[in-house]
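Down below is the structure, laid out as structure tokens.
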Number of protein chains: 2
Amino acid sequence: MVGGVERSSDTKDRLIEGTRQLLWDRGYVGTSPTAILRRSGVGQGSMYHHFRGKSDLVLAAERRSAELMQAQVREVFSGEGTGLQRIVAYLLLQRDVLRGCSVGRLAGDPEIVADDELRAPVRETFAVLNRCLSEAVAEAQAAGELDARLRPEETAAALAAVIQGGYALARAEQSTEPFDRAIHGALDLLGVPADDRVPVGARSS
Amino acid sequence: MVGGVERSSDTKDRLIEGTRQLLWDRGYVGTSPTAILRRSGVGQGSMYHHFRGKSDLVLAAERRSAELMQAQVREVFSGEGTGLQRIVAYLLLQRDVLRGCSVGRLAGDPEIVADDELRAPVRETFAVLNRCLSEAVAEAQAAGELDARLRPEETAAALAAVIQGGYALARAEQSTEPFDRAIHGALDLLGVPADDRVPVGARSS
DNA sequence: GTCTATATAGGGATAGAC
DNA sequence: GTCTATCCCTATATAGAC
């Protein structure tokens with residue numbers, strides 16, 4: 001490719017994206033090479049040409065999910081508005097609630113958390129989220145929008161957990177309502193008035 | 001058995017408990033009949049004598065996990081103390097954080113949430129938890145321990161989500177710290193003073 | 001780079017002896 | 001009720017042709 005930047009083949013990209021989708025819905029053990037090939041529309045041999053094996057391909061797919069989620073997080077937290085407004089915007093982001101978080105899903109996979117290399121993209125993504133939330137909390141406190149007694153790191157962890165846990169509650173009922181209740185419960189606890197709960201954004205994460 | 005009460009065989013019990021443990025750690029697809037037999041110390045034929053197949057055995061294991069968690073929830077919320085004290089006690093319950101919740105784990109399994117019968121124990125358990133938490137919130141509000149503007153159902157959902165989501169954050173870092181931060185972040189938001197954060201209890205859930 | 005063929009292991013279940 | 005033997009299918013990977 002022009003400019004010396006390496007360009008992945010379409011086939012390789014399709015394998016990564018197919019794996020990413022399957023991983024998201026069915027986890028590591030539930031994602032078979034056969035299913036990947038069928039979903040990617042790629043032949044048997046190509047997979048082992050581009051990747052050393054399943055875990056190598058899974059790692060590439062994880063990294064893509066991590067990039068996408070981190071980009072979305074940074075987009076919201078580098079956006080307009082006060083610290084509290086950005087927190088509210090992130091909490092109210094449109095999400096495919098019943099599908100859940102493509103990165104959080106990976107944290108439930110024993111094969112992934114047991115391997116430091118496979119776990120790294122998940123760890124880093126949650127670290128980015130926690131940093132963005134913490135900074136926004138501190139900023140909101142400085143502006144008098146949030147109680148000064150809140151600890152930014154603790155508050156950030158609680159908010160991230162509400163989102164991740166909200167997915168579990170929602171799936172248990174096969175309804176988005178428990179997720180929405182949890183998010184609005186968190187907004188109540190933050191003291192955000194109903195009028196300030198303005199949704200933003202697009203994709204799921 | 002005396003009294004007409006049906007008594008499960010030891011073999012059957014061991015199969016259920018072995019399946020329950022595997023399901024907790026590895027999920028539905030990751031739990032194979034062979035592994036169940038090895039862990040239960042039971043022979044091949046016994047399994048298909050006592051159960052129609054894998055999903056039948058999984059259902060029995062789920063019901064046991066659901067019973068255990070519901071019993072623990074009811075124990076905490078029927079215990080002593082004010083509404084807020086019982087909420088704090090539940091949030092600070094000792095848990096095997098890196099293992100996670102035996103019931104919440106099931107909510108992440110596509111094979112389980114896709115089947116109404118397999119999903120029922122998870123749904124019911126979260127319903128029990130939500131009811132206990134909601135009632136405690138309302139009671140705490142009546143006693144002036146919590147802000148009267150909080151909505152009990154929303155607050156309950158947020159607190160349940162913090163616990164479930166806290167497990168995901170902890171596994172991502174392979175450390176219990178993110179879980180503890182999330183819990184204490186929730187306690188901060190509830191306005192619980194550090195002195196009132198007294199741990200109780202025992203088992204994981 | 002992609003294809004087909006092949007290999008080994010294990011998953012999930014059944015049959016029938018004891 | 002429990003055991004061993006057996007069955008068919010799929011997961012994961014390799015080999016080698018094209």
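These figures come from a predicted structure and were not determined experimentally. To find a chain, count down the sequence lines: A is the first, B the second, and so on, and within it residues start at 1. Hydrogens, waters and symmetry mates play no part in the numbers below; they use all other heavy atoms, side chains included.
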message: Looking only at the side chain of Gln44(B) (C-beta and beyond, no hydrogens), which of the listed nucleotides dA5(D), dA11(D), dT14(D) gets closest?
response: dA5(D)
Taking only side-chain nitrogens and oxygens of [X], does any of them come within less than 4.0 Å of OP1 or OP2 of [N]?
X        : N       : value
His49(B) : dC3(D)  : no
Thr34(B) : dG10(C) : no
Thr11(B) : dT2(D)  : yes
Tyr48(B) : dT14(C) : no
Ser46(A) : dG1(C)  : no

Nearest-angstrom distance from the residue atom [atom1] of [X] to [atom2] of [N]:
X        : N       : atom1 : atom2 : result
Leu37(A) : dT2(C)  : CG    : P     : 12 Å
Leu15(A) : dT12(D) : CG    : P     : 15 Å
His50(B) : dA13(C) : NE2   : P     : 17 Å
Arg14(A) : dG1(C)  : CZ    : P     : 15 Å
Asp10(B) : dT2(D)  : CG    : C1'   : 14 Å
Leu57(A) : dA13(D) : CG    : C1'   : 14 Å
Met47(B) : dA15(C) : CE    : P     : 16 Å
Phe51(B) : dG1(D)  : CZ    : P     : 13 Å

field: Heavy-atom closest contact (Thr11(B) atom, Ser46(B) atom, distance)
entry: CG2-CB, 4.0 Å
- prompt: Could you go step by step and tell me if Gln174(B) and Arg171(B) meet the side chain to side chain contact (heavy atoms under 4.5 Å, CB included) rule?
  reply: CA-CA 5 Å; Gln174(B) 285 294 288; Arg171(B) 274 196 294 257; 4.3 Å; yes
5'-most by nearest nucleotide on DNA chain D - Gly45(B) or Val29(A): Gly45(B)
- request: Please tell me which of Ala35(A) and Arg52(A) maps to the more 5' nucleotide of DNA chain D, matching each residue to the nucleotide holding its nearest heavy atom.
  value: Ala35(A)
query: Relative to Tyr90(B), does Arg95(B) satisfy both conditions: NZ or CZ under 6.0 angstrom from the six-membered ring centre, and within 45 degrees of the ring's axis?
result: yes
Arg20(A) side chain to Ser65(A) side chain, donor-acceptor N/O pair below 3.5 angstrom: yes
task: Check step by step if side-chain hydrogen bond (donor to acceptor under 3.5 Å, both in side chains) holds for Ser40(A) and Glu17(A).
output: CA-CA 8 Å; Ser40(A) 311; Glu17(A) 186 57 22; over 6 Å; no
message: Categorize Thr31(A) for me: base, sugar-phosphate, or nothing, with a 4.0 angstrom heavy-atom threshold over every strand shown.
response: sugar-phosphate
query: Looking for any heavy atom pair under 4.0 Å, which part of the strands does Gly43(A) touch: base, sugar-phosphate only, or nothing?
result: sugar-phosphate
